[in-house]
Amino acid sequence: MLVTGGAGFIGSHVCAALLREGHEVLCVDNFFTGTRENIYHLLDDHRFELLRHDVTFPLYVEADEIYNFACPASPVHYQSDPVQTTKTSVHGAINLLGLAKRTQARILQASTSEVYGDPEVHPQPEDYCGRVDPCSIRACYDEGKRCAETLFFDYNRQYQVQIKVARIFNTYGPHMHPNDGRVVSNFIMQALRDESISVYGDGGQSRSFCYVDDLVEGLTQLMASEPSVTGPINLGNPSEVTVLELAELIIDLTGSRSAIRHFPLPVADPRRRQPVIQRARAELSWEPRTGLKEGLERTIAYFELLEREGFGSR
Ligand code: NAD
Ligand code: UDP
């Protein structure tokens with residue numbers, strides 16, 4: 001099993017799940033946003049191998065299945081080097097699809113709800129084509145992922161490569177980087193330090209948060225599905241909350257003395273996001289099981305340990 005972006009948040013959980021299932025895992029990462037600490041606990045397993053490599057360059061290895069997670073996912077990081085972000089999605093897809101074609105491997109793409117942009121259709125089903133501004137500062141990520149989907153479907157139609165395209169909605173859990181800039185990690189770190197909670201805009205914008213263990217189950221089930229199941233398929237938790245509600249829940253769960261402080265809303269911040277998951281239910285019998293409170297409690301416990309003992313503690 002080849003896992004690109006395997007040292008990142010989601011990729012590291014997928015590497016661990018595949019090892020638990022008895023597979024040999026090759027983790028490929030350039031450590032742009034991923035860390036060695038995320039995979040530290042896997043290094044002693046003789047079936048686990050780590051390769052430092054940037055997927056924008058060709059890769060010659062053997063694989064039966066490829067999970068492509070390589071790409072920074074936090075707006076702060078993907079906007080810090082936007083040209084590299086687009087290259088990672090597009091050149092990365094071309095290189096890995098070429099590898100899948102040569103080795104006849106199945107390949108799964110970690111696509112995103114960002115392909116729907118700032119949606120006029122709510123909640124978002126897979127047949128909604130989205131509303132993305134190709135010139136906005138989010139486009140390096142959104143359009144890169146959209147082009148990667150195009151490449152996946154063209155490699156499938158033109159070369160019969162077995163593809164699986166998952167559109168992942170906001171996911172959270174242990175192994176998120178504490179300085180990654182995403183809302184869940186920001187709010188928990190701020191709450192644990194009794195610092196102000198940085199709500200952007202009025203906090204009325206919504207997201208639907210999925211706990212990482214649920215997502216990983218969906219991803220491995222998608223990879224194992226019949227060849228006719230190519231996706232795109234939404235994977236996410238349909239329970240929607242506003243950013244302000246999330247801030248209040250995190251303050252409550254951490255028992256923090258933090259106060260909420262409002263900052264300007266980032267440019268092109270989508271107003272609402274919620275997945276329709278009928279397709280995942282029907283084709284994978286998949287359903288997220290972890291409620292937001294339970295998932296946040298586990299995530300808070302992880303960040304508390306990091307605060308106390310540092311990165312090496314995991
Ligand atoms: P992450 O930033 O923690 O992980 C991305 C990993 O890819 C990191 O380890 C990073 O070092 C690596 N990477 C980046 N550029 C690379 C390159 N050119 N070559 C090799 N490795 C490279 O983010 P994540 O949340 O784990 O996201 C993983 C994937 O899932 C991404 O493709 C992301 O777009 C997608 N996704 C995530 C979410 C979410 O909420 N977490 C939502 C939708 C989609
Ligand atoms: N957000 C916020 N405070 C933060 C970080 C993010 O209010 O410290 C908001 C952000 O404006 C967005 C939502 O939380 O509306 C989710 O942001 P994130 O960066 O986690 O993911 P994305 O925007 O890609 O869904």
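Atoms within each ligand, like the ligands themselves, are counted from 1 in listed order.
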Give the numbers and elements of all ligand 2 atoms closer than 4.0 Å to a heavy atom of Val199.
-> 7 (O)
Quick one: look up the protein heavy atom nearest atom 5 (C) of ligand 2 and list residue, atom name and how far away it is.
-> Tyr200 CE1, 3.3 Å
Among all protein heavy atoms, pick the one closest to atom 15 (O) of ligand 2 and tell me residue, atom and distance.
-> Asp269 OD1, 2.6 Å
Mark the output for Ser74 as yes if a heavy-atom distance to ligand 2 is under 4.0 Å, and as no if none is.
-> no
Between Gln205 and ligand 2, which residue portion shows a heavy-atom distance shorter than 4.0 Å: side chain, backbone, both, or neither?
-> side chain
Please determine if Ala73 has a nitrogen or oxygen closer than 3.5 Å to a nitrogen or oxygen of ligand 2.
-> no
At a 4.0 Å cut-off, with the gap strictly under it, does some heavy atom of Thr4 reach an atom of ligand 1?
-> no
Quick one: look at Gln190 and ligand 2, take heavy-atom pairs under 4.0 Å, and tell me if it's side chain, backbone, both or neither.
-> neither
CZ (Arg47) with more than 12 external heavy atoms under 6.0 Å | yes
Of Val183, Asp142, Leu265, which has the heavy atom at the shortest distance from atom 20 (O) of ligand 2?
-> Val183
Could you tell me which atoms of ligand 2, counted from 1 in the order shown, lie closer than 4.0 angstrom to a heavy atom of Glu114?
-> 24 (O)
Counting heavy atoms only, name the option from Ile168, Leu235, Ile10 that's nearest to atom 26 (O) of ligand 1.
-> Ile10
Check whether any N or O atom of Arg273, backbone or side chain, sits under 3.5 Å from an N or O atom of ligand 2, and answer yes or no.
-> yes
List every atom of ligand 2 that sits less than 4.0 Å from any heavy atom of Arg138, numbering the atoms from 1 in the order shown and giving each element.
-> 22 (P), 23 (O), 24 (O)
For atom 21 (O) of ligand 2, what is the nearest protein heavy atom, given as residue, atom name and distance?
-> Asn170 ND2, 3.5 Å
Check each atom of ligand 1 against the heavy atoms of Phe31 and keep those under 4.0 Å away; list them by number with element.
-> 11 (O)
Within-shell test, Arg182 vs ligand 1, heavy atom, strictly < 4.0 Å = yes
Which option, Cys71, Ala148, Gly8, Gly173, owns the non-hydrogen atom nearest atom 5 (C) of ligand 1?
-> Cys71
Residue-ligand contact Tyr172/ligand 1, heavy atom below 4.0 Å | no
May I ask you to check whether over 12 heavy atoms, not counting those of Glu304, lie within 6.0 Å of atom CD?
-> yes
Determine whether the side chain, the backbone, both or neither of Val243 has a heavy atom under 4.0 Å from any heavy atom of ligand 2.
-> side chain
Do Arg207's NZ or CZ and the ring of Phe169 fall within the cation-pi criteria of under 6.0 Å and 45°?
-> no
How does Ser198 reach ligand 2, if at all, at less than 4.0 Å between non-hydrogen atoms: by side chain, backbone, both, or neither?
-> both
Answer yes or no for Phe187: is there a heavy-atom contact with ligand 2 below 4.0 Å?
-> yes
Do any heavy atoms of Gly92 fall under 4.0 Å from ligand 1?
-> no
From atom 36 (N) of ligand 1, work out which of Phe169, Tyr141, Phe9, Tyr67 has a heavy atom at the shortest distance.
-> Tyr141
Would you mind telling me which of Lys145, Arg146, Arg167, Arg273 makes a salt bridge (charged side-chain N to carboxylate O under 4.0 Å, His left out) with Glu114?
-> Arg273
